[in-house]
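Ligands are counted one by one from 1 in listed order, and the atoms in each one are counted from 1 as well.
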Amino acid sequence: MKITFYGHNSFGIKIGDTHLLIDPFITGNDLVKDTIDINDLKADFILLTHAHQDHTLDAEAIAKRTGAIIVSNYEIASHYENKGLEVHPMNHGGSWDFEFGKVKYVNAIHTSSFPDGKYGGQPGGFVIESEHKNIYVAGDTALTMDMKLIPMRTQLDLAILPIGDNFTMGVDDAILASDFIECDKVIGCHYDTFGYIEIDHEDAKRKFYEKGKDLMLLDIGESIEL
Ligand code: NI
Ligand code: MN
């Protein structure tokens with residue numbers, strides 16, 4: 001499993017020959033748009049955690065070009081299905097065995113509306129189990145006790161957690177989240193993109209390190225192998 005960071009909450013996950021793309025927000029991200037071209041991104045599946053523009057902006061264009069299947073909650077899936085795109089609707093607590101592995105749509109505490117105000121269902125995160133590796137993509141969320149449910153079913157190898165504060169958990173709550181999900185290996189996301197969520201990288205990494213945890217802050221386009 002290869003995970004590549006495209007800024008904010010956008011990640012590519014390569015599992016075998018299958019390319020997943022999480023929350024593509026490239027053309028609207030000043031930190032990314034000169035480095036990453038959405039026409040170069042591969043996608044067989046596009047997983048959307050919620051409807052906010054900083055998670056869905058480039059989903060339609062990429063799905064049209066690649067024919068990728070959009071996986072999200074029922075309301076978001078219906079939104080894209082009505083545009084003629086291929087979708088797989090899910091809802092909270094539900095799992096599905098895709099060709100690349102199993103995906104569960106799990107709870108997040110946040111809001112979810114499209115840029116025009118249209119209802120985007122309740123926001124969520126994804127637990128992805130594949131190739132004997134299990135990862136949790138939290139999406140935008142507060143720290144929530146529901147995170148404690150995840151390790152009851154799935155032993156995680158890696159978690160992608162928001163750490164930017166203001167709109168989501170900050171670093172200190174993400175450290176507690178890491179305890180709740182019983183996973184000490186964390187990739188941070190949802191930081192630095194806007195003024196409200198700028199963070200001190202070294203301070204964040206030190207706080208995780210002091211709790212015996214590993215916080216990775218990837219450069220734009222940087223990948224890790226799991
Ligand atoms: Ni959001
Ligand atoms: Mn967001």
Side-chain angles (χ1 to χ4, degrees), residues 3-13 20-33 35-36 38 41 43 46-63 70-80 89-92 103 105-128 135-144 146-147 159-174 177-178 181 186-199 201 204 215-218 220:
I3 300 169
T4 306
F5 184 49
Y6 296 124
H8 204 51
N9 201 53
S10 305
F11 290 87
I13 302 177
L20 314 189
L21 189 60
I22 312 279
D23 286 359
F25 172 67
I26 311 294
T27 58
N29 184 347
D30 289 340
L31 302 181
V32 178
K33 65 185 184 192
T35 329
I36 305 293
I38 60 167
L41 296 179
I46 299 173
L47 278 60
L48 302 176
T49 60
H50 64 294
H52 285 158
Q53 186 167 16
D54 61 316
H55 298 256
T56 58
L57 181 66
D58 296 315
E60 185 176 345
I62 296 170
I70 292 178
V71 180
S72 192
N73 68 29
Y74 174 77
E75 288 78 6
I76 293 171
S78 300
H79 171 84
Y80 288 106
M90 300 186 73
N91 222 324
H92 301 86
V103 174
Y105 193 61
V106 296
N107 293 351
I109 302 281
H110 192 66
T111 57
S112 176
S113 52
F114 287 96
D116 64 359
K118 181 178 160 188
Y119 178 56
Q122 295 296 305
F126 296 101
V127 175
I128 303 167
I135 69 170
Y136 170 44
V137 179
D140 284 7
T141 183
L143 177 66
T144 164
D146 287 350
M147 290 171 177
I160 298 176
L161 302 179
I163 57 170
D165 217 338
N166 192 74
F167 297 115
T168 67
M169 298 189 285
V171 169
D172 294 322
D173 279 354
S178 156
I181 60 178
V186 174
I187 292 178
C189 68
H190 216 274
Y191 61 92
D192 285 359
T193 319
F194 330 110
Y196 292 119
I197 60 175
E198 281 173 11
I199 66 158
H201 292 205
L215 174 69
M216 289 170 277
L217 302 180
L218 303 181
I220 305 302

Quick check: does His50 have an N/O/S atom under 2.8 Å of the Mn ion (ligand 2)? no

Could you identify the N, O or S atom of His52 positioned closest to the Ni ion (ligand 1)? ND1

Checking ring pair (Phe, Tyr, Trp, His ring centres under 6.0 Å) for the pair His79/Tyr119: CA distance, chi angles, key distance, verdict? CA-CA 10 Å; His79 171 84; Tyr119 178 56; over 10 Å; no

Could you tell me whether the Mn ion (ligand 2) has an N, O or S atom of His55 under 2.8 Å away? yes

To the nearest 0.5 Å, how far apart are CG in Leu57 and NE2 in His52? 13.5 Å

Nearest-0.5 Å distance that lies between atom CD1 in Ile13 and atom CG in Leu47: 7.5 Å

Geometry at the Mn ion (ligand 2) - Asp140 OD2 versus Asp54 OD2 angle, rounded to 10 degrees: 180°

Name of the Asp140 N, O or S atom nearest the Ni ion (ligand 1)? OD2

Check whether any side-chain heavy atom of Ile135 sits under 4.5 Å from a side-chain heavy atom of Phe126, and report yes or no. no

Counting the benzene-type ring for Trp, do His55 and Phe25 have ring centres under 6.0 Å apart? no

Quick one: report the N, O or S atom of His110 that is nearest to the Ni ion (ligand 1). NE2

Has His50 got an N/O/S atom less than 2.8 Å from the Ni ion (ligand 1)? yes

How long is the span from the CG atom in Leu41 to the OH atom in Tyr6, to the nearest 0.5 Å? 5.0 Å

